[in-house]
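Note that the structure is a prediction, hence the values are computed from the model and not measured.
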Amino acid sequence: MNLGIYRAGLRSRKCIDRRRATRTMLACKDILTLMLAWLVTATQCQSLPTRDEELFIHQMRNPETFHDSSLIPDGAEVNAYAVTEKITRYFFLVEEDGPPLEVTITPCASTLEWNLSIPEVPEEGSASGINDQLEHQRSQSSKVGSILKTYKGFNVSTYSSTNSPAGIYMLKVRAVDHDSSFKIYATTTPNSDRIYPVLPSDSRVDVTAVRKDRVSLAWKSSLSETVYLQPIKYCVAMNTERNYPTLCGIESRLYGDRRPIVPNVGFGFSNEKGRRNSKGLRKRKNKLESLTKTQIKTNSSFTLECIGTKKMHTFTNLIANHTYFFDVFAVDTKTNRSTVYQHIQVTTPAGEEVQKVVILKDGKMLDSSVQQSKPKKTFQIDVGNKDKELLVTVQPCTHPVIVEIWQETSVVKSGVVEDLQSFTVNNAKGTYYIRVVGSLKEAIHFKIFATTKPRKYPYPRMPDDNRINPYRNLRKCNSVTLGWLTSSETAQYCLYRREDTSTDSGGRKNLRLMNSCHGPGMRKRSEKVFCTKVNDPSEQDTVMVKKVENLKKGTNYIFDVYVSRDGKQSLAYRSVKVKTKKYC
């Protein structure tokens, strides 16, 4: 489309002057003034073109006029924004009877509810002969005053007519779910515009191969690439939620949805316009450069990837027995406008994943983890051919895990492990497999230990009651007194304190350390209160009491006690929160 060529009918100087006066009034939001101005011009000028090219050029060079007047340009796509609280109105001018009309709405982040109509022209007017002209307009078409199309949904929707009456068309739009950006395209020359990539007659996406961890797709070339020789690239999207009918919908899902920025008009000086245009060009250039990146990902369950001119693609690292939704878009690299191929969804076949087995050495501690992509891990230990007692200990560091101990095809022991827990298998012989499964869709670190020699147990013995008891009647403004039970073996006890920075009113959010596998070596020196070693413990649990001084008045503190043996692992008692008195 050549924007510099005017259509036939713009020969009369008088008619041109009237159109310029009309374009001045188009910036006004008074709809009555807009409609009367159009009627005066349309009645007194002869041979009006289907689209006013001069007005169109003005709108493209001054995009702020759309936001000021809500008047949709003829033949261009514009960005708009809809809210849930109210209906937003836009207007489109068809200058003469009989042209085709096409209006396309593209939602981006929310379901939209919209309708297109030709409003009734007001009965009263200030110009001489206006009532006769309005009556003449009403008699020309039965569509005036009626709703042409109503739609509610998330898909791209279009109103199309091959013979449209002249008039001012009104588009009402409201967002249903939440505020959302969307795109409007209206034209009286749909056959020549072709602003969206044209799909082939067979727009299906073929599944060429399916495995439990991968899916391969292929599709036919866009006609815009092969016939109209336009620069087309292809973008493919995969997610586990649903199909997306628009590329801007996927981009909104990945990067968030923002209200379109209204261009700054300034004061109208030529140097301001030059700076504005150069700034806009830089923004468009940066946007196009960002869209040419090979791959964009947020997480393993949602992927958007632009692959150039290739017509096939393979998605890897998928999960067996999962349903995935795939969308393929033909994208014009100059304008970033896109068209989606037919949606497709594929369920990967079920199958037991082949996992690497980690060998455990008798009596050796091992640090490990499970990930979202690999939510389970298998360990193996061989106890020999003689009956022995097998001890398996698992200590989750951040979140609970599920532990299963297998021999051949039978589960010998199992359970959900929230803290340090040991499993004992009596009369064990042969090979055992320990499977650790994550309870959440995130990385979980843990320690695992297995042995047939009890003396190699790496952890200190804890008393059955591992609470820290604050003596409430001994609280002062600058000190508190704490007590805890000790075990019946030689061990070292260390007390640490930290101020409670939690805003949780329940008071337990900040009690547990982020990683319970961290011992006193990971604490700050300033948090250490004291360490003492018990060399000759009694056979029964005894109480250790400690007064902690130099505290702030009216302040919450969290206290932790660690117990350890020489060269062994350390364990923490249950943390306790104590608040010093505010008034003494």
Side-chain angles (χ1 to χ4, degrees), residues 393 395-400 416-422 447 459-566 568-584:
T393 302
Q395 182 186 15
C397 300
T398 53
H399 300 286
V416 178
V417 180
E418 298 182 0
D419 210 335
L420 177 72
Q421 184 172 337
S422 296
K447 291 184 176 183
Y459 292 98
R461 302 293 178 181
M462 292 280 285
D464 294 335
D465 186 353
N466 62 352
R467 294 175 298 173
I468 304 172
N469 181 41
Y471 295 94
R472 303 292 178 183
N473 57 339
L474 298 179
R475 281 190 310 127
K476 305 294 182 183
C477 287
N478 62 350
S479 68
V480 297
T481 302
L482 307 172
W484 62 91
L485 294 176
T486 61
S487 64
S488 58
E489 66 176 4
T490 300
Q492 178 175 267
Y493 297 86
C494 293
L495 176 64
Y496 284 77
R497 73 180 181 201
R498 52 194 165 107
E499 283 192 34
D500 180 22
T501 58
S502 173
T503 59
D504 180 32
S505 60
R508 298 197 58 84
K509 185 177 181 180
N510 202 33
L511 278 179
R512 185 182 178 91
L513 293 172
M514 292 299 294
N515 192 319
S516 60
C517 295
H518 289 170
M522 301 299 293
R523 299 294 295 268
K524 299 177 182 178
R525 281 188 178 182
S526 59
E527 297 178 343
K528 182 178 178 180
V529 178
F530 89 113
C531 283
T532 185
K533 189 173 183 179
V534 179
N535 291 313
D536 189 19
S538 63
E539 294 182 358
Q540 296 182 349
D541 294 340
T542 58
V543 178
M544 181 174 289
V545 179
K546 177 64 179 178
K547 182 179 181 180
V548 184
E549 299 180 305
N550 300 321
L551 303 179
K552 300 177 184 178
K553 64 180 180 179
T555 303
N556 279 317
Y557 287 90
I558 297 176
F559 294 93
D560 301 287
V561 172
Y562 297 91
V563 56
S564 60
R565 293 191 297 167
D566 294 337
K568 303 294 183 178
Q569 301 290 320
S570 61
L571 292 175
Y573 281 65
R574 291 172 58 183
S575 302
V576 67
K577 180 190 291 188
V578 185
K579 186 176 182 179
T580 56
K581 286 187 175 181
K582 192 173 183 179
Y583 303 102
C584 294

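Residues passing the side chain to side chain donor-acceptor pair (under 3.5 Å) test with Tyr459, sequence neighbours excluded: Gln395.
Listed for the Thr580 side chain is a donor-acceptor partner under 3.5 Å among the backbone atoms of Thr555. The backbone N or O of Gln569 sits nowhere less than 3.5 Å from a side-chain atom of Ser564 that would complete a donor-acceptor pair. Under a 3.5 Å cut-off, the side chain of Tyr471 and the backbone N or O of Lys547 do not form any donor-acceptor pair.
Atom OH of Tyr562 and atom NE2 of His518 lie 10.0 Å apart (nearest 0.5 Å). One finds the CG atom of Asn469 at 10.5 Å from the OG1 atom of Thr481 (value rounded to the nearest 0.5 Å). Distance check: Asn478 CG to Lys553 NZ gives 10.5 Å after rounding to the nearest 0.5 Å. Rounding to the nearest 0.5 Å places CZ of Arg461 at 13.5 Å from OG1 of Thr490. With rounding to the nearest 0.5 angstrom, the CG atom of Asn550 is 7.0 Å from the CZ atom of Arg497. The CG atom of Leu495 sits 7.0 Å away from the CD1 atom of Ile468 when rounded to the nearest 0.5 Å.
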**Request:** Give the C-alpha distance, both sets of side-chain angles, the deciding distance and a yes or no for side chain to side chain contact (heavy atoms under 4.5 Å, CB included) between Met462 and Tyr573.
**Result:** CA-CA 8 Å; Met462 292 280 285; Tyr573 281 65; 4.0 Å; yes
**Asked** Yes or no on side chain to side chain contact (heavy atoms under 4.5 Å, CB included) for Leu420 and Lys447, after CA distance, side-chain angles and deciding distance?
**Response** CA-CA 9 Å; Leu420 177 72; Lys447 291 184 176 183; over 6 Å; no
**Message:** Show, in sequence, the C-alpha distance, side-chain angles and deciding distance for Leu482 and Met544, and conclude whether the side chain to side chain contact (heavy atoms under 4.5 Å, CB included) test is met.
**Reply:** CA-CA 8 Å; Leu482 307 172; Met544 181 174 289; over 6 Å; no
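Contact record, Val416 with Pro400: CG1-CB, 4.4 Å, taken as the closest heavy-atom pair. Pro463 approaches Leu485 most closely through the heavy-atom pair CG-O, 3.7 Å. Annotation for Asp419 and Val417: closest pair O-CG1, 2.7 Å, computed over non-hydrogen atoms. Across all non-hydrogen atoms, the minimal contact from Gly519 to Ser570 is CA-OG, 3.5 Å.
A 4.5 Å side-chain heavy-atom check between Tyr557 and Glu499 finds at least one atom pair inside the cut-off. The shortest distance between side-chain heavy atoms of Tyr496 and Ser575 does not fall below 4.5 Å. Using a 4.5 Å cut-off on side-chain heavy atoms (C-beta onward), Pro460 and Glu489 make contact. Considering only heavy atoms from C-beta on, Arg498 comes within 4.5 Å of Arg523 through its side chain. Using a 4.5 Å heavy-atom threshold, the side chains of Glu527 and Asp560 count as separate. Proximity of Lys546 to Thr532: side-chain heavy atoms (C-beta onward) are nowhere separated by under 4.5 Å.
Surrounding CG of Asn535 are more than 12 heavy atoms belonging to other residues, nucleotides or ligands, all under 6.0 Å away.
Between Lys579 and Asp500 there is no salt bridge, since none of the side-chain N atoms of the basic residue sits less than 4.0 Å from a carboxylate O of the acidic one.
For the 3.5 Å distance criterion, the side chains of Thr486 and Thr542 qualify, holding a donor opposite an acceptor.
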